[in-house]
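Structure first, commentary second.
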Amino acid sequence: MAWAILSLSSCTGILSGIYDDPEQETRITRAGQLYLDASDWTQWHYIDFKDLVDKTEADPAFDSSSLWETFPIPMPDRGSAVENTEPAGTPSGIYTYWYDVFGVGIEKREFNSFSPTEKQAEPSKWSIAIHRNNVRTNGGSAWRSPYRSFDEMPSGTDWLDNVIFSEDEWNQTDVWTVQDRMLLGLAGNQGIKINNLLGQWLTMKIPPMPPVFTHDKSVYVLRLSDGSYAALQLADYVNSAGTKCHLTINYRYPL
């Protein structure tokens, strides 16, 4: 995503109004919709579409949202080395950047330090993973369609043969996960591959203050690694208390 657009989380004092304090909420969903509290900075949430379809077809009363599996983002070991030069390649770790939050905006940033970590843990089977507004695929790719509902989409999948899909790309500036020095403009980011296109379904821009959220209700088509297709639409991104990054996702799988 563009550097002027990023999703942020909770803090206090001078940054209040930019960040949300997490509000716990559970919601039962059925086939065709998912709900996820993705407000925590420190977690990835995974789901497998094939397992989801099997469970909901076998039991119409099955809570579709119960299939999310949560794994923490690895943090540096206590006392581990901190490097003040940007590492070569794409090693796993926490990449700390200074962002000009109180100046021209977060599109202006400078590398600060790097701390190595273990690789991100994940389940044996999964289709997508979500961390706040960040989205990853498991070897898949995504396309933003011109449609605003599933009913507008053509039937079948032949019409997708000539579509250009976007794969996940390495990123070390957008998966904000360490926020203890945010008052200094410093944020620690996880270095990991994410799908920048699919993450455009929820973006936030600074400046202005308070920030402006952009919620894209377009239908996104996901091509899984096995060649099957899913349709995804972010229906909402707040819970009943107005806390952001509580995601309601409409889905259709397989197409």
Side-chain angles (χ1 to χ4, degrees), residues 1-7 27 29-38 44-57 64-65 67-68 125-171 174-175 192-205 211-239 244-255:
M1 68 183 70
W3 306 124
I5 300 175
L6 193 64
S7 181
R27 190 182 303 171
T29 55
R30 302 303 181 213
Q33 191 168 84
L34 295 164
Y35 176 76
L36 174 65
D37 176 358
W44 279 101
H45 309 275
Y46 298 79
I47 200 162
D48 182 75
F49 290 147
K50 294 183 179 64
D51 191 23
L52 180 62
V53 169
D54 289 344
K55 293 290 196 301
T56 53
E57 286 183 347
S64 57
S65 298
L67 284 183
W68 291 105
K125 297 189 304 177
W126 60 282
S127 302
I128 62 169
I130 294 176
H131 163 273
R132 296 187 55 76
N133 68 318
N134 309 122
V135 188
R136 300 165 54 207
T137 73
N138 190 7
S141 52
W143 173 63
R144 180 182 181 271
S145 83
Y147 307 112
R148 305 282 288 183
S149 74
F150 296 161
D151 292 339
E152 296 177 1
M153 298 171 61
S155 59
T157 59
D158 290 346
W159 59 281
L160 294 168
D161 289 346
N162 296 319
V163 165
I164 298 175
F165 285 80
S166 297
E167 298 180 349
D168 294 11
E169 299 177 3
W170 176 258
N171 187 291
D174 288 0
V175 184
I192 196 168
K193 282 188 174 184
I194 61 175
N195 195 285
N196 294 308
L197 179 68
L198 191 50
Q200 290 178 14
W201 65 9
L202 180 61
T203 56
M204 190 179 81
K205 186 175 181 180
V212 173
F213 277 81
T214 300
H215 173 203
D216 180 9
K217 290 189 177 182
S218 298
V219 173
Y220 286 80
V221 178
L222 176 67
R223 183 169 61 194
L224 279 64
S225 59
D226 65 358
S228 62
Y229 295 93
L232 302 172
Q233 182 187 44
L234 184 62
D236 203 354
Y237 66 97
V238 296
N239 67 0
K244 303 170 189 66
C245 293
H246 284 243
L247 310 181
T248 301
I249 303 168
N250 297 328
Y251 74 89
R252 180 175 289 181
Y253 180 81
L255 295 184

**Asked** Do the side chains of V175 and W44 get nearer than 4.5 Å, heavy atoms only?
**Response** yes

**Item:** Enclosure of D161 CG (heavy-atom neighbours >12, cutoff 6.0 Å)
**Value:** yes

**Prompt:** Between atom OG1 of T214 and atom OH of Y237, what is the distance when rounded to the nearest 0.5 Å?
**Reply:** 8.0 Å

**Asked** Are R27 and Y35 in a cation-pi contact, defined as NZ or CZ under 6.0 Å from the six-membered ring centre and within 45° of the axis?
**Response** yes

**Asked** Considering only heavy atoms from C-beta outward, does the side chain of L222 approach that of F49 to under 4.5 Å?
**Response** yes

**Asked** Any idea which heavy atoms bring N250 and F150 closest together, and the distance?
**Response** O-CZ, 3.6 Å

**Complete:** What one should report as the nearest heavy-atom pair of L255 and A231 is CD2-CB, 3.9 Å

**Message:** Can you give me the closest heavy-atom contact between R148 and Q233, atom names plus distance?
**Reply:** O-NE2, 2.7 Å

**Prompt:** What's the spacing between K50 NZ and W126 CH2 if we round to 0.5 Å?
**Reply:** 12.5 Å

**Complete:** Hits for side-chain hydrogen bond (donor to acceptor under 3.5 Å, both in side chains) against D168, two or more places apart or cross-chain, chain-then-number order -> T137, N195

**Request:** List the atom of S145, the atom of S218, and the distance in Å for their closest heavy-atom pair.
**Result:** O-CB, 4.0 Å

**Prompt:** Salt bridge between D51 and K55, side-chain N to carboxylate O under 4.0 Å?
**Reply:** yes

**Request:** Calculate, to the nearest 0.5 Å, the distance between atoms CG and CG belonging to L224 and N138 respectively.
**Result:** 8.5 Å

**Request:** Report yes if some heavy atom in the side chain of N134 is under 4.5 Å from a heavy atom in the side chain of D174; otherwise report no.
**Result:** yes

**Request:** Identify the residue among L247, I130, L52 that makes a side-chain contact (heavy atoms from CB on, under 4.5 Å) with L34.
**Result:** L52

**Fill in**
Taken in chain and number order and not counting sequence neighbours, the residues that satisfy ring-ring contact (aromatic ring centres under 6.0 Å, His included) with W201 are none

**Request:** Answer whether the closest heavy-atom distance between the side chains of L234 and K217 falls below 4.5 Å.
**Result:** no

**Taking every non-hydrogen atom, the tightest pair across W68 and I128** = CH2-CD1, 4.5 Å

**Asked** If we only count heavy atoms from C-beta on, is the Y46 to D48 side-chain gap below 4.5 Å?
**Response** no

**Item:** Heavy-atom closest contact (R136 atom, K193 atom, distance)
**Value:** CG-O, 3.2 Å

**Message:** For R144, is there an ion pair with D216 - N to carboxylate O distance below 4.0 angstrom?
**Reply:** yes

**Request:** Mind checking side-chain contact (heavy atoms from CB on, under 4.5 Å) for E57 and listing every partner two or more places apart, or none if nothing turns up?
**Result:** V53

**Prompt:** Are S149 and D151 linked by a side-chain donor-acceptor pair shorter than 3.5 Å?
**Reply:** no

**Message:** What I want to check is whether the side chains of S228 and Y253 have a donor and an acceptor closer together than 3.5 Å.
**Reply:** yes

**Message:** Measuring from atom CG of L232 to atom CG of L198, what distance do you get when rounded to the nearest 0.5 angstrom?
**Reply:** 6.5 Å

**Message:** Hydrogens and angles aside, do S64 and T56 bring a side-chain donor and acceptor to less than 3.5 Å of each other?
**Reply:** no

**Request:** Could you tell me the separation between the NE2 atom of H131 and the SG atom of C245, rounded to the nearest 0.5 Å?
**Result:** 8.5 Å

**Message:** Rounded to the nearest 0.5 Å, what separates atom CH2 in W143 from atom OH in Y220?
**Reply:** 11.5 Å

**Asked** Judged by modelled atom types alone, do S141 and S166 share a side-chain donor-acceptor pair under 3.5 Å?
**Response** no

